[in-house]
Amino acid sequence: MGDRHARRLTPDFYRRDSRVVAPELLNKVLVCGNRSGRIVEVEAYAGSADPASHAYRGPTKRNLTMFGPPGRLYVYFTYGMHWCANAVCDEEGRGLAVLLRALSPIEGRDEMRQARSRARRERDLCSGPAKLCQALGIDGRLDGVDLTSQDAIVSIVDDGVVPPSEPGQSCRIGLSVATEEPWRWYVAGDPNLSRAER
DNA sequence: ACCGGGATGTTCT
DNA sequence: GAACATCCCGGTG
């Protein structure tokens, strides 16, 4: 797990169905500037086949990044105050994506604590899709960034830690439609999950 | 531990 | 005008 071996995920990694990519993103590392965290919880959104997806009704000004090439970062604003981040998947034009829901902080913990001054405990830094964006400084300015570009300030890297062979799985959180699809995956037992297990 | 409500403004109907 | 891929705080047990 040395950083020497860390490498960015390639377009081919993302160019698959979001429900295949999602569990494989577990234990990869989200990097933004000098802050990083291990991905411990994700949800897949399945485009025009998925009423809960922002892409369900086709392209709009907000969701345009979802219909672009795989490996881009889709960042959206919700509830009047929160940013959330996704990795775009599958072929260009399909609108598939994986929502990044929780991280285990690695680097830049001091800056994360500053960015999330209201978080009292360490496990509150990145234990939710909007928390992790606030912790890493991700907002709408990063919508559309190519995660696979060597120059991008934000990326997802493989540092040699494999995904769990038996990830936790559940229905997605916070939806009013398509609530029965089991498209949330997480690292079982991790203290940074957005919801406690069982 | 668990639950209920308020914040806050963009997006889409 | 309603909904929203959420979070935080203060109540109660």
Side-chain angles (χ1 to χ4, degrees), chain A residues 14 17-23 25-26 30 37 39-68 70 72-90 94-105 112-145 147 154 156 167-186 189 191-198:
Chain A
Y14 297 103
D17 191 286
S18 55
R19 289 154 291 189
V20 173
V21 172
L25 280 173
L26 295 176
L30 177 64
I39 297 169
V40 297
E41 179 182 337
V42 294
E43 283 176 357
Y45 287 84
S48 60
D50 181 4
S53 172
H54 291 170
Y56 182 58
R57 292 177 167 82
T60 65
K61 175 158 189 159
R62 171 173 73 161
N63 67 19
L64 200 56
T65 296
M66 296 185 89
F67 291 91
R72 301 290 173 93
L73 191 70
Y74 167 51
V75 182
Y76 70 89
F77 185 68
T78 192
Y79 287 103
M81 60 193 105
H82 298 305
W83 296 99
C84 296
N86 298 251
V88 175
C89 296
D90 212 289
R94 302 236 19 229
L96 272 60
V98 173
L99 173 67
L100 307 176
R101 287 197 56 93
L103 306 178
S104 175
M112 291 190 200
R113 279 189 284 267
Q114 282 185 14
R116 286 193 41 70
S117 52
R118 286 199 271 205
R120 306 223 153 242
R121 302 165 303 181
E122 196 77 359
R123 63 178 173 275
D124 293 326
L125 286 178
C126 296
S127 55
K131 293 179 189 177
L132 73 86
C133 283
Q134 188 173 33
L136 270 63
I138 294 172
D139 63 23
R141 294 171 299 184
L142 294 179
D143 179 45
V145 166
L147 295 167
V154 56
I156 301 178
Q169 187 171 5
S170 79
C171 297
R172 297 175 293 183
I173 291 174
L175 305 183
S176 59
V177 295
T179 58
E180 305 301 307
E181 304 289 2
W183 294 342
R184 170 178 178 253
W185 289 268
Y186 55 91
N192 298 280
L193 301 181
S194 67
R195 289 270 211 282
E197 295 178 72
R198 301 226 29 116

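All of these numbers come straight from a predicted model, not from anything done at the bench. Sequence lines set the chain letters: A, B, ... in the order given, protein chains first and strands last, and positions in each chain run from 1.
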TODO: Give Arg57(A) one of three labels, base, sugar-phosphate or nothing, depending on what nucleic acid heavy atoms sit under 4.0 Å from its own.
DONE: sugar-phosphate
TODO: Can you establish whether the number of heavy atoms outside Arg123(A) located under 6.0 Å from its atom CZ is more than 12?
DONE: no
Open item on the list: Rounded to whole Å, please give me the gap between CE in Met81(A) and P in dC4(C).
Closed with: 16 Å
Open item on the list: Classify Leu175(A) by what it touches in the nucleic acid, base, sugar-phosphate, or nothing, heavy-atom distance under 4.0 Å.
Closed with: sugar-phosphate
Open item on the list: Are dT10(B) and Phe77(A) stacked, with the base six-membered ring and the side-chain ring centres under 5.5 Å apart and planes under 30°?
Closed with: no
- [ ] May I ask you to say what Arg184(A) touches in the nucleic acid, namely base, sugar-phosphate or nothing, with a heavy-atom cut-off under 4.0 Å?
- [x] nothing
Task: Interatomic distance, Asp143(A) CG vs dA5(C) C1' [rounded to whole Å] - done: 15 Å
TODO: Report yes if at least one side-chain N or O of His54(A) is closer than 4.0 Å to OP1 or OP2 of dA5(C); otherwise report no.
DONE: yes
TODO: Using heavy atoms to find the nearest nucleotide of DNA chain C for Ala130(A) and Ser176(A) separately, return the residue whose nucleotide is more 5′.
DONE: Ser176(A)
- [ ] Report which part of the nucleic acid Lys131(A) touches: base, sugar-phosphate, or nothing (heavy-atom distance under 4.0 Å, all strands).
- [x] sugar-phosphate
- [ ] Round to a whole Å and report the spacing from NE2 of His82(A) to C1' of dA3(C).
- [x] 15 Å
- [ ] Starting from C1' on dA5(C), measure out to CD on Glu180(A) and report it in whole angstrom.
- [x] 16 Å
Task: Glu181(A) with Arg172(A): basic N within carboxylate O range, under 4.0 Å - done: no
- [ ] Measure the distance from CZ on Arg172(A) to P on dA5(C) and round it to the nearest whole Å.
- [x] 11 Å
- [ ] Could you state the atom-to-atom distance from CG of Asn63(A) to P of dT10(B) in whole Å?
- [x] 18 Å
